Amino acid sequence: MKYWLMKSEPKEYSIDDLMRDRIQFWGDIRNYQVRNMLRDEFGKGDLALFYHSSAGKETGVVGLMEVVGEAYPDPAQFASKNKYYDPKSQKDNPRWLGVEVRFKQKFQRLVSLSELRTEEKLSSMRLLQKGNRLSILAVTPTEFAYICKLGGRAG
DNA sequence: GCCAACGTTGGC
DNA sequence: GCCAACGTTGGC
């Protein structure tokens, strides 16, 4: 089982939206590094931290979700009127993937980015490194458990 | 709104 | 293959 951190701007899609929907297709990702992670490493039962990005003081980890199954082609890439339409992607060789996630829990409190930066134990986290811009990042089991503890929930 | 730090595109 | 120009992400 693997552990991830997945970013979403809450004004686009928040933990409360996922709590309501229970299951959601996590798509619209147009970055090859992230695509390769989805394709090669994501698996059923993986756990992910839900991260609110570009949210001012509310930026940080807000809860947990579970990967429902293997990644599959993102339908938005074939929809010509979609913002995420990719005319260069072919149906028999899709370029972009997404994955379904299931709501697991919302943390009792926000674990903010500024708080994460103060934690010595998390100082090597990919999320906190300069220049990180990937919307999905691998998280170590130790980091995952520690952030769950900060959020007030057992991992 | 600004801007650093990327990633992508396309001319050569 | 190089690299300048451009676009995007995301913290501040």
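The model shown is predicted, which means the values in this text are computed figures rather than measured ones. Within every chain, numbering begins at 1; the chains are lettered A, B, ... in the order of the sequence lines, protein sequences first and strands thereafter.
Residue A/K57 is classed as having no contact, given no heavy-atom separation below 4.0 Å to the nucleic acid. Note on A/Q33: only backbone sugar-phosphate atoms sit closer than 4.0 angstrom, heavy atoms only; bases stay farther off.
A/E143 has its side chain within reach of A/S124: a pair of non-hydrogen atoms, C-beta onward, lies under 4.5 Å apart.
Among residues two or more places apart in sequence or in another chain, the side chain to side chain contact (heavy atoms under 4.5 Å, CB included) test is passed with A/K106 by A/I15, A/D16, A/M19, A/F103. The side chain to side chain contact (heavy atoms under 4.5 Å, CB included) search around A/L128 returns A/L113, A/L116, A/R117, A/L122, A/M125, not counting sequence neighbours. With sequence neighbours left out, A/R30 forms a side chain to side chain donor-acceptor pair (under 3.5 Å) with A/D74.
Proximity of a side-chain donor or acceptor of A/Q129 to a complementary backbone N or O of A/S123 within less than 3.5 Å is detected.
Of all non-hydrogen atoms in A/D46 and A/E41, the two that sit nearest each other are OD2-O, 3.7 Å. Considering all non-hydrogen atoms of both residues, A/R95 and A/Q77 come closest at N-OE1, 3.2 Å.
The stretch residues 123-140 of chain A comes close to DNA chain B through A/K130, A/G131, A/R133, each having a heavy atom under 4.0 Å from the strand.
On the nucleic acid side, DNA chain C contacts chain A at distances under 4.0 Å to non-hydrogen atoms, with the end points of that region at C/dG7 to C/dC12.
Within the structure, every pair that satisfies the ring pair (Phe, Tyr, Trp, His ring centres under 6.0 Å) test and touches residues 39-70 of chain A, not counting sequence neighbours, is listed here: A/W4-A/F42, A/W26-A/F50, A/F50-A/H52.
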